[in-house]
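Below is one structure, written out as structure tokens; comments come after it.
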Number of protein chains: 2
Amino acid sequence: MRNENATIYDIASDAGVSIATVSRVLRGETNVSPATREKVQAAIDRHNYRPSSIARGMISKSTHSLGIVLPKLLNPHYAMIFSGAHEEARKMGYSMSLFPWSSIDTRAYDPATMLVERRLDGVIVCVEYLSPDHDEQVLLSLRELKRFMPVVLIGCVPPWYDFPAVSDNNAAMMRQIVAYLVSLGHEKIAFIGGVQEDKDPLRRDVGYMEGLRDARLPYTASYRVYGKGTATAGEMALGNMLDALKPEYWPTAVIALNDLVAMGCQAEARRRGLVMPDQLSIVGCDDLFCAPYLCPPLTSINTHQQRTGARAVQLLISGEEKKETVEWEMIERGSCARIK
Amino acid sequence: MRNENATIYDIASDAGVSIATVSRVLRGETNVSPATREKVQAAIDRHNYRPSSIARGMISKSTHSLGIVLPKLLNPHYAMIFSGAHEEARKMGYSMSLFPWSSIDTRAYDPATMLVERRLDGVIVCVEYLSPDHDEQVLLSLRELKRFMPVVLIGCVPPWYDFPAVSDNNAAMMRQIVAYLVSLGHEKIAFIGGVQEDKDPLRRDVGYMEGLRDARLPYTASYRVYGKGTATAGEMALGNMLDALKPEYWPTAVIALNDLVAMGCQAEARRRGLVMPDQLSIVGCDDLFCAPYLCPPLTSINTHQQRTGARAVQLLISGEEKKETVEWEMIERGSCARIK
DNA sequence: AGTTATAATGAAAGCGCTATCATAAGTGAA
DNA sequence: TTCACTTATGATAGCGCTTTCATTATAACT
């Protein structure tokens, strides 16, 4: 029933030529007589023959397949990156396999073993900061991985990571958002970030601080809180912030680390009966597909994540060892109101 | 700089043994003397050696990698399936690559070539009905693909598809929703489906019709409309339906094909100033992560898509040739109101 | 006709492993 | 001491391709 895959020998003997000739036809070499070519092609068609990329890979030392490592496919942010990367890879003739984050950061079984054993031609790693320990571990694993195959990073990559990378210009994005909110008359602007990290100057909270400075607004410690970057974390973070402040000090605008956090903030604000956007403006980041369907529709930053993924694949394949940032675009939707 | 991958010969000569012995150590065979084993292991560690799964695959005829074909990773529905499938595959020691839908339904370049050339151990295909022509084409391609490797389908698989498959029990789900809405007093219940298809008795619109019959409600043709299954399509579908009806005939409840469509319906209803859920109840399906954050929070059906993906992998690996349906669960969230 | 360049093909090595078979060394019973 | 039997190891043949090199057959020159 199943087609026991034909081999080049089957084709050769069927066509009455040597395997070398079949190979020439397969690879489109020109020095084959038309008559022979035709015979061989006929045999190929008859058997539905497809050369094994496995066997080819043994010789060429290239599997024409890439890997992508990311924390969580269910987060649409990563799905978008994957989607863009995958499409670009396909265009370049590569396939792409997904690997769980644990293939990098676990010492339980030698990290990266899965990736290395499969002899991928390269791997894209979406990094995520979780803790100083974790960060150190990840950097070690990445360095080790890099000894085996090209690695390109995506995400918030600190300057001291010696890897080619494609990142968002986080600081600039945040500064733009702060400026935008200031232009609407906001002065009490809060920031709900992800895991706190203090050394990396490229992170979003740094941009938030810079934005405040640009606008000569005072920095209020209780306006800057951290969470895990999820919707639930956003709810809790905003809840705790408001609980800790007298209502007259409540921020009039919240900048959320990403749209998930923003969604959580909306939920929490609604629970407290705050009218949005009048009593609370919220800005997200990532521009998830659901942003236009939230209440109010969420103003967000389109970070062109598919383009990010695609660009990472280009760097990976070309071997360029550089760090790049991608353009972004603020999408106004109405979750921010002018302060009267 | 880069580690030119060590081979089994490097290890053998470094450890002063034959490659056969190294291979025995690698595969954990017992008939190796402890002293030798130790020597070999030391050499392996010294070189950071990882056996090539490519070379292994040449012999074992198994790549230990699976494929998944789906229309659109950006649709969280498919991301959830992929996520579940991927995790299960990893547990079983397989890697998983994503392939675009075009690898199945294009005749431009021989379909499935990418899949076959890579000698995958099996592939999961998420099918989507688009048109009769497309459907026929897909079935042909799938049959051809099956000659080369095990195939398991996910999605709305018609009875005449002779493939192992994991599907939702669409009809039963829809009947449950209709019954639920009826129990809230609704009588004018609309259904916004995906692409219309008339032969397959397992589709959601059939369940909707059955649900009406269960409740002895009349079927109103203008309450059943079709679209493309996206949020935008949902907006348009509901808009057209309401435009075509006098307000006194407007449905009091809408069953959406999925949460995306439901999101679109909410947007359209809001645009028309309909108060939800009082003037319009909406039920979705798929229970996307954003469902709880919509306004009102969307009542939906959790179709356990990760479990679906995982189960498909199990069927693929075990080779069981059966069709299965997965359990589901209605999640009430408040987008449906009782009719006074 | 004789020599040389050119085109078309085949034979065979090798990619990095596994698996089979052969060989060598060690053990205990007759 | 010899024989059968186990245990540890090596030599080697593939797996399905690509690639190099050698070998023809054919055309193009003196």
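Below, chains carry the letters A, B, ... as their sequence lines are ordered, and counting in each starts from 1.
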Legend entry - By side-chain hydrogen bond (donor to acceptor under 3.5 Å, both in side chains) - contacts of A:Ser62 (at least two apart): A:Asp121
Legend entry - Side chain A:Arg24 and base C:dG10 donor-acceptor under 3.5 Å: yes
Legend entry - Comparing A:Arg27 and B:Pro34 on DNA chain D - which has the more 5′ nearest nucleotide: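 Looking at the nearest nucleotide for each, B:Pro34 comes out on the 5' side.
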Is the phosphate of [N] approached by [X] (side-chain N or O, under 4.0 Å from OP1 or OP2)?
| X | N | result |
| --- | --- | --- |
| B:Lys61 | D:dG16 | yes |
| B:Tyr49 | C:dC17 | yes |
| B:Ser18 | D:dG10 | yes |

Legend entry - For atom CD1 of B:Ile8 and atom P of C:dA19, their distance in whole Å: 11 Å
Legend entry - Interatomic distance, B:Glu38 CD vs D:dA8 P [rounded to whole Å]: 15 Å
Touch class at under 4.0 angstrom, heavy-atom based, for [X] against every strand present:
| X | answer |
| --- | --- |
| A:Ser23 | base |
| B:Arg119 | sugar-phosphate |
| B:Ile19 | base |

Legend entry - Residue met sooner reading DNA chain C from 5', once A:Ser33 and B:Arg56 are mapped to nucleotides: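 It is A:Ser33, whose closest nucleotide lies nearer the 5' terminus.
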Inset, instruction - Assign each of B:Ser60 and A:Val17 to its nearest nucleotide of DNA chain C by heavy atoms, then name whichever residue's nucleotide is nearer the 5' end. - result: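 With B:Ser60 and A:Val17 compared, the 5'-side residue is A:Val17.
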Legend entry - Listed nucleotide nearest any side-chain atom of B:Asn31, set D:dT18, D:dG10, D:dT9: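 It is D:dT9.
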Inset, instruction - Check every atom of D:dA8, D:dA11, C:dT18 against the side chain of B:Leu26 and return the nucleotide holding the closest atom. - result: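 Ranking D:dA8, D:dA11, C:dT18 by closest atom to the B:Leu26 side chain puts C:dT18 first.
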Inset, instruction - Output yes when A:Lys199 and A:Glu136 qualify as a salt bridge under the 4.0 Å nitrogen-oxygen rule, no when they do not. - result: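 Looking at A:Lys199 and A:Glu136, the cut-off is not met.
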Inset, instruction - Compute whether any side-chain donor of one residue and acceptor of the other, for A:Asp14 and A:His47, lie under 3.5 angstrom apart. - result: yes
Inset, instruction - Check the surroundings of atom NZ in B:Lys72: do more than 12 heavy atoms from other residues, nucleotides or ligands lie under 6.0 Å from it? - result: no
